[in-house]
Amino acid sequence: MSILASPAMLTILAAAMLQLTLCSIGVAATSYPDFQLLNVKQTLIGTKMFKPLKASEFHQLSNVSKSDRPGKWELKLVHRDKLSSNVSSTFHDHGRRFHERMKRDVKRVASLLRRLPGGGTHDGGAAYEVNDFGSGVVSGMAQGSGEYFVRIGVGSPPRSQYMVIDSGSDIVWVQCQPCNQCYRQSDPVFNPSESASFAGVSCGSSVCDRIENSGCNAGRSCRYEVSYGDGSYTKGTLALETLTFGRTEVKNVAIGCGHVNQGMFIGAAGLLGLGGGSMSLVAQLGGQTGGAFSYCLVSRGTDASGSLVFGRGAMPVGASWVPLLRNPRAPSFYYVGLTGLGVGGIRVPISEEIFRLNELGHGGVVMDTGTAVTRFPASAYNAFRNTFISQTSNLPRAPGVSIFDTCYNLSGFVSVRVPTVSLYFWSGPTLTLPARNFLIPVDDMGTFCFAFAPSGSGLSIIGNIQQEGIQISFDGANGFVGFGPNVC
């Protein structure tokens, strides 16, 4: 039932919620509790308590580092909202931030679907290793592009830049001078003439052949062009350049030097593609990292930190591992084998076929850092939502908001008891989400919504709201993705 909690009870509830979160990342053999507690008051406070970074702090984030064990290090991470007040008047209005995020999310999903066969409408370890290296991940909602950002150095000497991280894209690119058409970014636009390590790629290079939509510029340099399906694009020349992650230099990374750029990238200098294709940063690092990287996305409404770490040493002991699936017709995407959904410890009656990736490359389940809200095919979503509604009949309802059709009026509550929400994967692992990852505030007044939506296609997407606060690890060399065991 719904409850009002005293301060003393909140202490007990907080411990219980932490235990639920820690137990939520595990194997199906564990018997999960059928409910958990959502701290409504604390969540709403979190939407209002952000303090903007000072200008000096804004450009010094990459200089703050920590080391937790030999061979692994991280940079300080802040939430995107800590930066947003520097570029947008919507910073102090959670409702407006939410609606802007949903607008971008709809465009993001449409962009992904256009890259799939048929437009996505069908229903249906390395021997050589170096020290792990990483960088802090900044959630980038109000930067006007992507959802999460990482601060790295580009060129020699390194020029610090914010880059969108995108697990659904491959190419790495930055805006470059001279800019024929560039959007506004937080840092000075990269000038390749000031970098001693910048080297153009010729048309005849094998690297140029690996780029889709490549060509020749004046018969010599390799030209690239990438469109993201939502009207955003970048055009320029391909080059080899040095990237710096904290104290680690990576030389001869193929990057796009964008001279004509437009779209939803305002604030960031460019994009760091982490997808499964041959031109992604992960693939280019190759034997240096063993195809392994891990990230922990910071949670909304908190000052918690997260990270992006590359290297075999980033693979945690004790994670729940799920096989990665490959779609030759969409090699950039990371597919996982989802078999079902659960609410309150009860498996929702949904056929596994709904989530299956078929031999034609249709359907399937993609994990994506750039999509905020998890989508399921309409029939699966409807059954999932209806089961959740049936177990929350004691909570006061509210009208739907934006893309969400299941919302609740929780104003006046300190905390509420809600059913657990679980994802069931091939080979047994079950991921039971923290309550704040599926019931989220959409305004400052206490309206919370069930944070899932129908996909409008046969594709399912596990978005970053559901991934927040959970360590996600990709072992590309061995073909697995891991959940946990750490939270952030």
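In this structure, the salt bridge (charged side-chain N to carboxylate O under 4.0 Å, His left out) partners of D166, at least two apart in sequence or on a different chain, are R108. The salt bridge (charged side-chain N to carboxylate O under 4.0 Å, His left out) test applied to D443 returns no partner, not counting sequence neighbours.
Distance CD1/I440 to CZ/F448: 9.5 Å, rounded to 0.5 Å. Rounding to the nearest 0.5 angstrom, the gap separating the OG atom in S186 from the CZ atom in R151 is 8.0 Å. Here the OG atom belonging to S280 is positioned 9.0 Å from the CG atom belonging to L272, to the nearest 0.5 angstrom. I165 contributes atom CD1, which lies 11.0 Å from atom CG of L281 (distance to the nearest 0.5 angstrom). Separation of atoms CD1 (I462) and CD1 (I472) is listed at 8.5 Å; rounding is to 0.5 Å. Note: T339 OG1 to W426 CH2 = 9.0 Å, rounded to the nearest 0.5 Å.
Looking only at distances, no side-chain donor or acceptor of Q262 sits under 3.5 Å from a matching main-chain atom of Q181. A distance-only check finds a donor-acceptor pair linking the side chain of S351 to the backbone of E353 [under 3.5 Å]. Looking at S460, its side chain never comes within 3.5 Å of a backbone N or O of V365 through a donor-acceptor pair. Looking at Y334, its side chain never comes within 3.5 Å of a backbone N or O of D368 through a donor-acceptor pair. Checked by atom type and distance alone, the side chain of R223 never pairs as donor or acceptor with a backbone atom of L238 at under 3.5 Å. Between the side chain of H259 and the backbone N or O of K235, no donor-acceptor pair lies under 3.5 Å. Formation of a donor-acceptor pair under 3.5 Å by the T374 side chain with backbone atoms of G463 is found in this model. Side-chain atoms of N358 come within 3.5 Å of backbone atoms of L360 as a donor-acceptor pair (strictly under, hydrogens ignored). Between the R385 side chain and the T406 main chain, no donor and acceptor come within less than 3.5 Å of each other. Judged by distance alone, the side chain of R329 and the main-chain N or O of G361 form no donor-acceptor pair under 3.5 Å.
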*Steps toward side chain to side chain contact (heavy atoms under 4.5 Å, CB included) verdict (L274, F310)*: CA-CA 11 Å; L274 302 177; F310 298 92; 3.9 Å; yes
*Show your reasoning for whether side chain to side chain contact (heavy atoms under 4.5 Å, CB included) applies to L423 and F355.*
CA-CA 12 Å; L423 308 181; F355 304 114; over 6 Å; no
*asked:* Test salt bridge (charged side-chain N to carboxylate O under 4.0 Å, His left out) on D105 and R375; report intermediate values, then the result.
replied: CA-CA 11 Å; D105 207 45; R375 264 75 165 187; 2.3 Å; yes
_Between R159 and D187, does the side chain to side chain contact (heavy atoms under 4.5 Å, CB included) criterion hold? Intermediate values first, please._
CA-CA 9 Å; R159 306 292 183 184; D187 298 289; over 6 Å; no
*Please test C176 against C179 for disulfide bond (SG atoms under 2.5 Å apart), starting from the C-alpha separation and ending with a verdict.*
CA-CA 6 Å; C176 284; C179 259; over 6 Å; no
_Could you walk me through whether F190 and E241 satisfy the side chain to side chain contact (heavy atoms under 4.5 Å, CB included) test, starting with their C-alpha distance in whole Å, then the side-chain angles of each, then the deciding distance to 0.1 Å, before giving a yes or no?_
CA-CA 12 Å; F190 177 67; E241 184 55 288; 3.4 Å; yes
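Counting heavy atoms from C-beta on, the side chains of L116 and L112 never come closer than 4.5 Å. Annotation: side chain of L38 is in contact with side chain of L410 (closest heavy-atom distance under 4.5 Å). In this structure, W173 and I255 have side chains that are not in contact, with every pair of non-hydrogen atoms separated by 4.5 Å or more. You'll find the side chain of M445 stays beyond 4.5 Å of the side chain of S411, heavy atoms only. The closest side-chain heavy-atom distance from S160 to P158 is not below 4.5 Å. Contact of the L431 side chain with the V322 side chain is not registered, since no non-hydrogen atoms from C-beta on lie closer than 4.5 Å. The side-chain heavy atoms of Q471 and S294, taken from C-beta on, include a pair separated by under 4.5 Å. Contact check for M279 versus V172: no side-chain heavy atoms found under the 4.5 Å cut-off.
Under the 30°/60° scheme for interplanar angles, the aromatic rings of F376 and F452 are found to lie parallel. Classified by interplanar angle (parallel below 30°, tilted 30° to 60°, perpendicular above 60°), the ring pair F388/F450 is parallel.
Ring centroids of F98 and F404 are separated by less than 6.0 Å, placing the two rings close together. For an aromatic pair to be called close, the ring centres must be under 6.0 Å apart, and F293 with F474 satisfies this.
Residue G484 comes nearest to P316 through the heavy atom pair O-CG, 3.4 Å, listed as atom of the first residue, atom of the second, then distance. Counting all heavy atoms, side chain and backbone alike, P434 lies closest to I470 at CD-CD1, 4.2 Å. What you find for A398 and T447 is that their closest heavy atoms are CB-CG2, 4.2 Å. Minimum heavy-atom separation, N437 to Q466: O-NE2, 2.8 Å. Between A435 and Q36 the shortest heavy-atom distance is N-OE1, 3.0 Å. Between L433 and F438, the shortest heavy-atom distance links the atoms O-CE2, 3.7 Å.
Side-chain N/O atoms of Y408 and T392 include a donor and acceptor closer than 3.5 Å. A donor and an acceptor atom, one from each side chain of Y381 and S455, are nowhere located under 3.5 Å apart. When only modelled atom types and interatomic distance are considered, Q161 and Q175 share no side-chain donor-acceptor pair under 3.5 Å. For the residue pair T369 / N464, no side-chain donor-acceptor distance below 3.5 Å is found, with atom types taken as modelled.
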